[in-house]
Amino acid sequence: AGHITAETLMSILRDRDSGICADGEGIRTAGSMVSVLPRDPALPCVHFLTATPDPSRSVFKPFVFVAGVRPAPQVRSPTFLQDPAKQIPRFQSSVDRRHELYRRHQAALELLERDPERGQKLLGTLRELEKQGLEGMRELLE
């Protein structure tokens with residue numbers, strides 16, 4: 001009946017009590033996605049992805065996939081001039097392959113645990129950015 005919104009689905013995916021959002025006993029929700037698929041084929045589909053684990057402490061970011069799209073550098077795995085995977089013998093050293101967004105997400109989680117007040121303030125700021133993405137999606141689809 002049109003009462004389920006992207007925000008409704010995001011809140012479901014963040015629901016720890018239901019077990020949908022898992023973060024314990026060796027199991028963690030790897031990431032989550034909510035897609036808005038307009039009935040009008042002339043309008044783009046908008047996909048909101050956490051791109052980081054644990055949607056209860058992540059932010060859903062909007063993505064619209066079109067021809068020629070270039071991924072933001074923050075979500076690309078880093079490259080290395082002296083990549084241990086490409087040297088012979090292989091893997092004699094290691095490098096941090098986490099992309100920037102993931103590393104920042106880890107830092108935010110550490111802040112939530114170390115300084116809950118500042119962590120909650122940061123999470124509030126991120127959720128405000130998420131809200132702006134949802135508003136931008138509505139404007140795009142109108």
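For the numbers below, each heavy atom of this structure counts, side chains included, while hydrogens, waters and symmetry mates do not. Starting from 1, each residue takes its place in the sequence as its number.
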Selection residues 120-131 - residue pairs positive for side chain to side chain donor-acceptor pair (under 3.5 Å), sequence neighbours left out: Arg14-Glu130
Would Val36 end up clustered with Val66 when hydrophobic side chains under 4.5 Å apart are linked, directly or stepwise? yes
Side-chain (Arg103) to main-chain (Arg98) donor-acceptor, under 3.5 angstrom: yes
Run the side-chain donor-acceptor check on residues 41-50: report pairs under 3.5 Å with partners two or more places apart or on a different chain.
| from | atom 1 | to | atom 2 | distance (Å) |
| --- | --- | --- | --- | --- |
| His47 | ND1 | Ser35 | OG | 2.6 |
| Thr50 | OG1 | Ser32 | N | 3.0 |
| Thr50 | OG1 | Thr52 | O | 2.9 |

Hydrophobic cluster identity match, Ile20 and Met33, side-chain contacts under 4.5 Å: no
Kindly assign one of parallel, tilted or perpendicular to the pair Phe65 and Phe63, based on the angle between their ring planes and the thresholds 30° and 60°. parallel
Should Ile12 and Val34 be counted in the same cluster of Ile, Leu, Val, Met, Phe, Trp and Tyr side chains packed under 4.5 Å apart? yes
At what distance, to the nearest 0.5 angstrom, does CG of Leu109 lie from CZ of Arg57? 4.5 Å
For the student: nearest non-hydrogen atoms of Phe80 and Val95, plus distance: CE1-CG2, 3.5 Å
Atom pairs and distances, side-chain donor-acceptor, residues 132-142, under 3.5 Å, sequence neighbours left out:
| from | atom 1 | to | atom 2 | distance (Å) |
| --- | --- | --- | --- | --- |
| Arg138 | NH1 | Leu134 | O | 2.8 |
| Arg138 | NH2 | Glu7 | OE2 | 2.3 |

Spell out, as yes or no, whether a donor-acceptor pair under 3.5 Å connects the side chain of Lys61 to the backbone of Val59. yes
Honestly curious: do Ile4 and Phe60 fall in one hydrophobic cluster under the side-chain, below-4.5 Å linking rule? yes
Is there a continuous path of hydrophobic side-chain contacts, each under 4.5 Å between heavy atoms, that joins Val64 to Leu9? yes
How about Cys21 and Asp54: do any of their side-chain heavy atoms sit closer than 4.5 Å? yes
NE2/His105 to CG/Leu126 distance, rounded to the nearest 0.5 angstrom? 10.0 Å
On a heavy-atom basis, the closest approach of Leu122 and Ala108 is CD2-CB, 3.7 Å
Let me confirm one number: the CG-OG distance from Leu101 to Ser58, rounded to the nearest 0.5 Å. 8.5 Å
So with a 6.0 Å cut-off around CZ of Arg118, is the heavy-atom count from everything else above 12? no
Side chains of Gln87 and Gln92: donor-acceptor distance under 3.5 Å anywhere? no
Interatomic spacing from CZ in Arg90 to NZ in Lys86 - rounded to 0.5 Å: 10.0 Å
Check the pair Ser77, Arg97 against side chain to side chain donor-acceptor pair (under 3.5 Å), reporting the backbone distance first and the verdict last. CA-CA 6 Å; Ser77 293; Arg97 295 188 184 278; over 6 Å; no
Does either side chain, that of Thr8 or that of Thr5, offer a donor lying less than 3.5 Å from an acceptor on the other one? yes
With heavy-atom distances below 4.5 Å as the criterion, would you say the side chains of Leu81 and Asp83 are in contact? no
